[in-house]
Amino acid sequence: MLLRNVRADDLDAYVAMRCDPVMMAELGGPFSLDGIEAKVQRDVAETAADMSWILMIQPDDGDPSTIAGSVVLWSQEDEGEAHSEIGWMVLPEFQGQGLAKAAVRLVLERGHEDGRWGPIHAFPGVTNGPSNGICRSLGFTLLGEEHILAMDDRPMTANHWVLHPSDDLPPDRAQSTGR
């Protein structure tokens with residue numbers, strides 16, 4: 001698996017992730033095609049300015065045009081306080097292969113090394129078992145259920161997880177077993 005910065009030519013991947021009712025079921029529903037190209041451009045600019053890490057997940061299939069999803073680390077203000085948040089999406093045909101967990105782990109490791117992000121929060125939907133499982137398995141602490149505004153201020157009910165920079169990530173069993 002490779003993580004690379006979002007690029008302007010990632011429009012098709014954004015459409016597949018954000019305009020699909022299944023992918024967006026827990027995030028307030030699908031986006032319309034209007035505005036997706038502008039969203040990609042904003043994300044490319046934010047990444048280039050190093051304000052956020054917006055990374056595309058490329059599986060190990062030898063084809064650099066294949067995108068499995070994305071993982072994003074950003075800082076935002078909530079009720080006047082800045083905090084860092086991580087989120088991820090993996091397309092259905094790549095789910096269940098460990099790509100999301102590996103990508104999140106890699107970004108968390110980079111984030112801890114970078115040192116600027118502080119505690120990192122995650123807000124998967126309460127019924128999103130796989131994403132909640134990723135948080136649990138990577139050592140996040142569950143703070144509880146919250147009603148939040150997700151992408152583009154869409155209301156959702158999420159589990160609030162946090163991982164502090166001093167927390168050690170659990171060993172990666174896939175690496176230790178040679179997988």
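Ser70 contributes atom OG, which lies 8.5 Å from atom CD1 of Ile54 (distance to the nearest 0.5 angstrom). For the atom pair CE (Met1) and CG (Leu99), the distance works out to 7.0 Å, reported to the nearest 0.5 Å. From Cys19, atom SG reaches atom CG of Leu33 across 4.5 Å, with rounding to the nearest 0.5 Å. Taken to the nearest 0.5 Å, the OG atom of Ser65 stands 9.5 Å off from the CG atom of Asp9. In this structure, His164 NE2 and Ile120 CD1 are separated by 10.5 Å, a value rounded to the nearest 0.5 Å. Phe31 contributes atom CZ, which lies 6.0 Å from atom CD1 of Ile36 (distance to the nearest 0.5 angstrom).
In terms of heavy-atom proximity, Cys135 sits nearest to Trp161 at CB-CD2, 3.4 Å. Scanning both residues, Ile67 and Phe94, for their nearest heavy atoms gives O-CE1, 3.7 Å. Taking every heavy atom of both residues into account, Ala13 and Met56 meet most closely at CB-CE, 3.8 Å. When all heavy atoms of Ile134 and Lys101 are compared, the closest pair comes out as CD1-N, 3.8 Å. Contact record, Ala8 with Val44: N-CG2, 3.6 Å, taken as the closest heavy-atom pair. The shortest heavy-atom contact between Pro119 and Val162 is CB-CG2, 3.9 Å.
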Q: Could you go through the side chain to side chain contact (heavy atoms under 4.5 Å, CB included) check for Arg110 and His112 one step at a time?
A: CA-CA 5 Å; Arg110 289 179 185 174; His112 287 294; over 6 Å; no
Q) Yes or no on side chain to side chain contact (heavy atoms under 4.5 Å, CB included) for Leu163 and Leu138, after CA distance, side-chain angles and deciding distance? A) CA-CA 9 Å; Leu163 183 71; Leu138 291 177; 5.8 Å; no
(Q) One pair to check against side chain to side chain contact (heavy atoms under 4.5 Å, CB included): Arg18 and Met23. What are the steps and the verdict? (A) CA-CA 7 Å; Arg18 295 169 186 249; Met23 289 291 298; over 6 Å; no
Q.
Under the criterion salt bridge (Lys or Arg N to Asp or Glu O under 4.0 Å), I'd like the reasoning laid out for Asp10 against Arg4: C-alpha separation, chi angles, the key distance, then a yes or no.
A. CA-CA 11 Å; Asp10 287 323; Arg4 64 151 174 85; 2.7 Å; yes
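Salt-bridge annotation for Asp34 and Lys39: absent, with no side-chain N of the basic residue lying under 4.0 Å from a carboxylate O of the acidic one. Salt bridge absent: Glu46 and Arg42 never bring a charged side-chain N and a carboxylate O closer than 4.0 Å.
Using a distance-only test at 3.5 Å, with no hydrogens or angles considered, no donor-acceptor pair links the side chain of Gln58 to the main chain of Leu3. Side-chain N or O atoms of Asn5 include none that pairs as donor or acceptor with a backbone N or O of Leu55 at under 3.5 Å. At least one donor-acceptor pair closer than 3.5 Å links the side chain of Arg105 to the backbone N or O of Pro170. Without hydrogens or angle criteria, Asn132 side chain to Asn128 main chain gives a donor-acceptor distance under 3.5 Å.
Around CG of Asp12, the count of heavy atoms belonging to other residues, nucleotides or ligands within 6.0 Å does not exceed 12. Other residues, nucleotides and ligands contribute over 12 non-hydrogen atoms within 6.0 Å of the CD atom of Gln97.
Residues Met51 and Trp74 form no side-chain contact, since every pair of their non-hydrogen atoms from C-beta on lies 4.5 Å or further apart. Side-chain contact check for Leu27 versus Met156: some heavy-atom pair is nearer than 4.5 Å. A heavy-atom distance below 4.5 Å is found between the side chains of Thr127 and Glu26. Leu149 has its side chain within reach of Pro155: a pair of non-hydrogen atoms, C-beta onward, lies under 4.5 Å apart. The side-chain heavy atoms of Arg116 and Asp50, taken from C-beta on, include a pair separated by under 4.5 Å. Contact of the Met89 side chain with the Met24 side chain is registered, since non-hydrogen atoms from C-beta on lie closer than 4.5 Å. Residues His121 and Ser84 have side chains not in contact (no heavy-atom distance under 4.5 Å, counting atoms from C-beta outward). Ile86 has its side chain within reach of Phe140: a pair of non-hydrogen atoms, C-beta onward, lies under 4.5 Å apart.
Side chain to side chain, His160 and Glu146 meet the donor-acceptor criterion of an N or O pair below 3.5 Å.
Under the 4.5 Å side-chain heavy-atom criterion for Ile, Leu, Val, Met, Phe, Trp and Tyr, Phe123 and Leu142 are members of the same hydrophobic cluster.
The six-membered or imidazole ring of Trp53 lies near that of Trp117, with a centre-to-centre distance under 6.0 Å.
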